[in-house]
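In what follows, a structure is listed as structure tokens, so that the remarks can point back to it.
Letters A, B, ... are given to chains in the order of the sequence lines, protein chains preceding strands, and every chain is numbered from 1. Since the structure is predicted, the reported quantities are computational estimates derived from the model, not experimental observations.
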Amino acid sequence: MARAITRKFYFLLSRPQFARHAVSARAIHFVYQPDTAKPPVSGETIKQNMFMAINSAIHSALEKDDSAIIFGEDVAFGGVFRCTLGLKDKFGADRVFNTPLCEQGIAGFGIGAAAAGATAIAEMQFADYMFPAFDQIVNEAAKYRYRSGGLFDCGKLTIRSPCSAVGHGAVYHSQSPEAYFAHTPGLKVVVPRGPIAAKGLLLSCIRDPDPCIFLEPKVLYRTAEEMVPKTEYFIPLGKAQVLTPGNQVTLVGWGTQVHVLLEVAKMAKEQLKVSCEVIDLQTILPWDKDTVCQSVKKTGRVIVAHEAPLTCGFGAELAATIQQECFLNLEAPVTRVTGFDTPFPHIFEPFYLPTKWRCLEAVKKIVNF
Amino acid sequence: MMSPTARLVVRRLNQRNQALAPFFTSTKSFATEASFETRPFKLHKLEEGPKTSVTVTRDEALKYYKQMLTIRRIETASGNLYKEKIIRGFCHLYSGQEACAVGMKAAMKPADAIISAYRIHGWTYLMGVPPLGVLAELTGRKSGCARGKGGSMHMYAPHFFGGNGIVGAQVPLGVGVAFASKYRGDDNVCFALYGDGAANQGQIFEVYNMAKLWNVPCIFVCENNGYGMGTSAERAAASTTYYTRGDYVPGIWVDGMDILAVREASRFAIEYCTSGKGPLVMETATYRYSGHSMSDPGTSYRTRDEIQEVRQNRDPIASFKEKIISTDLASADELKAIDAEVKKEVDEATRKAKSDSEIPMEELPADIYAAPLEEEVRNVAPWEPLRHKRIGSAVNLN
């Protein structure tokens with residue numbers, strides 16, 4: 001997958017020696033499952049992949065809100081994942097602009113702009129690079145409203161960043177940092193599973209009066225294609241979605257992992273005759289306790305899966321709360337299928353990720369507990 | 001910038017060099033030394049700078065030539081392996097910038113340290129890892145210098161602290177390494193390299209201050225190749241005179257395509273730091289032929305003409321070759337023989353890097369901790385337990 005693609009590069013893609021780049025022969029660990037349910041809003045739809053849907057959402061935000069600005073590294077030409085393509089030409093270089101290479105500066109600058117009244121959309125080129133900005137996000141953005149007694153806030157800030165495994169990202173282009181930010185009251189953290197979800201959730205984040213972190217699983221930018229409504233629409237934050245109803249095991253995930261779980265549910269039905277209910281959490285902070293616990297009270301067994309490492313991954317929070325709320329309904333301990341407690345590996349990625357095989361194994365175990 | 005002046009002063013000595021006998025049968029004698037004039041250095045807060053009259057011996061010239069050529073071949077081989085999808089992930093090529101690394105290494109003492117970002121295949125080779133160690137690391141096999149666990153961006157060797165992915169993060173580390181030298185009183189320096197894009201990272205300014213305040217023997221090197229990924233230096237930096245951005249830290253601008261200029265400036269910098277005067281900033285003006293990484297064709301933000309112009313007029317290897325031949329330090333045939341030798345070595349390493357085997361699964365949980373307090377790495381894999389292991393020995397702590 002090429003990062004900075006331009007028209008010239010598309011020409012190159014047609015040349016034989018580059019043809020391999022065009023055909024994605026990477027071994028990705030999931031099969032993308034597009035939404036087949038009724039779209040969140042009626043009207044004309046258009047086939048879009050996830051970066052186009054995100055582009056659409058940002059376009060909409062910049063169009064409807066004069067104070068909206070988007071900035072980050074390489075944002076002006078379209079962004080390394082094409083999410084901001086065409087926006088500078090449409091809205092001007094004073095609203096769509098590049099920053100130098102300085103994440104801490106980008107975050108701080110975004111907080112200031114938001115505090116002054118601009119709808120600031122800051123892009124961090126990769127979630128793995130957010131850590132220089134961690135202090136700004138955790139100590140400034142999250143706490144501004146609280147520490148000023150409501151006098152000031154930077155609620156108009158949205159930070160978007162590509163996250164999660166992509167097949168060859170290794171240590172610094174594959175991380176899923178949602179757990180670090182989920183630990184910070186004052187922020188909202190959202191992870192979409194596909195184009196339709198991405199557009200609706202991003203628009204909600206931009207409109208939301210609190211600072212939001214929108215983590216976009218980068219492997220879905222091109223792999224995920226759906227018929228996305230052309231018009232603007234908002235998917236509520238803080239609400240999980242039940243994608244496949246079931247009554248024996250609850251499977252909870254977010255982002256790329258949702259597609260792994262959807263496949264696992266199918267496999268469990270076919271091979272084990274087990275009916276699984278798949279839930280996409282969508283919002284990590286605050287997470288939809290009611291939907292998840294309602295499901296667990298029905299099934300009695302729950303598996304949480306995420307790419308991030310085990311210890312203190314967001315699955316830990318889910319497990320703790322589920323056992324608190326649903327203790328008497330549980331037939332088996334809450335199971336987590338996650339990455340290992342190691343840095344994200346380079347060549348060991350296929351073994352590290354919580355693939356459908358590991359998840360299916362967990363389903364087998366939990367029904368036989 | 002001033003226009004370059006190249007005056008060659010040839011000193012012929014009438015000595016027969018016996019080591020060359022196998023390479024030629026004529027009785028032609030070669031010069032054992034030649035002198036050149038470099039482009040002037042630009043200085044910031046320095047009264048004196050490096051000398052512009054530089055001398056190189058025959059042996060040194062051949063060594064530098066071979067080193068630069070080897071780096072160029074390794075990078076070409078890496079590019080080809082990447083296109084064949086045998087190297088995955090990231091691959092940032094150093095082609096065009098060879099004179100910077102070779103020039104700095106030529107001035108370094110054996111125990112001087114260096115730390116850089118991710119464009120480091122050349123440095124890995126210079127710091128003692130054979131081409132197989134570099135190429136096999138890129139292909140993720142066990143003969144790689146990190147046994148395949150690091151990949152392109154994470155290669156290490158004694159006194160070479162890597163190999164770092166997060167832009168700018170390596171510079172504070174470099175200052176720490178240099179501080180350790182000062183603390184131990186061992187007269188070593190640390191070269192902390194970063195690019196024109198990274199030069200805008202806040203943490204670099206934090207350590208300019210620390211290094212100057214505490215007189216740390218750290219040489220900050222900004223390898224300015226004109227572009228931070230696809231963003232030209234002018235579009236990212238309010239001040240592109242990177243050698244002055246240390247403000248109170250003195251600086252030198254060097255022509256990074258001239259290996260002898262880089263060597264001279266590095267010698268000056270090492271002398272400056274080890275005499276207790278504190279840190280220095282060095283900006284090497286260089287150029288990279290390929291894009292930022294293998295996913296970047298490198299032609300959407302600059303013209304092919306620009307790349308061609310540099311290749312034809314300012315290529316570090318070609319211009320050094322011309323210097324060697326025109327001053328009779330060696331013959332064209334001799335250099336050709338070196339070309340063939342290097343090609344053979346790199347081709348052989350490439351072949352091995354393709355066919356070598358990967359490390360086993362037991363290494364997934366290896367080298368996470370030095371003193372793991374639990375025997376097993378916490379995980380949820382249903383098949384085998386993942387046991388902590390220590391495999392690598394820490395070369396930097398002895």
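- One finds the CD1 atom of I303(A) at 13.5 Å from the CG atom of L318(A) (value rounded to the nearest 0.5 Å).
- Rounded to the nearest 0.5 Å, atoms CG (L386(B)) and CD (E375(B)) are 12.0 Å apart.
- For chain B, the nearby parts of E103(A) are the backbone and the side chain; heavy atoms of each come within less than 4.5 Å.
- Contacts with chain A were tallied for A236(B), A237(B), G89(B); G89(B) has the most, counting heavy-atom pairs under 4.5 Å.
- Test Y243(B), Y208(B), Y242(B) against F220(B) for ring-ring contact (aromatic ring centres under 6.0 Å, His included) and you get one pass: Y208(B).
- In terms of heavy-atom pairs under 4.5 angstrom with chain B, the leader among T342(A), L101(A), T99(A), D74(A) is L101(A).
- The greatest number of non-hydrogen atom pairs below 4.5 Å with chain A, out of M229(B), H292(B), K149(B), is found for M229(B).
- Seen from the ring of F369(A), R301(A) does not count as a face-on cation partner, given the 6.0 Å and 45° thresholds.
- For chain B, the nearby part of T311(A) is the side chain; its heavy atoms alone come within less than 4.5 Å.
- The existence of a salt bridge linking K389(B) and D367(B) is excluded, since no basic side-chain nitrogen approaches an acidic carboxylate oxygen closer than 4.0 Å.
- Neither the backbone nor the side chain of E349(A) comes within contact range of chain B; no heavy atoms are under 4.5 Å apart.
- Ring pair F90(B)/H92(B) is parallel by interplanar angle, where below 30° counts as parallel and above 60° as perpendicular.
- Both the backbone and the side chain of L364(B) have a heavy atom closer than 4.5 Å to some heavy atom of chain A.
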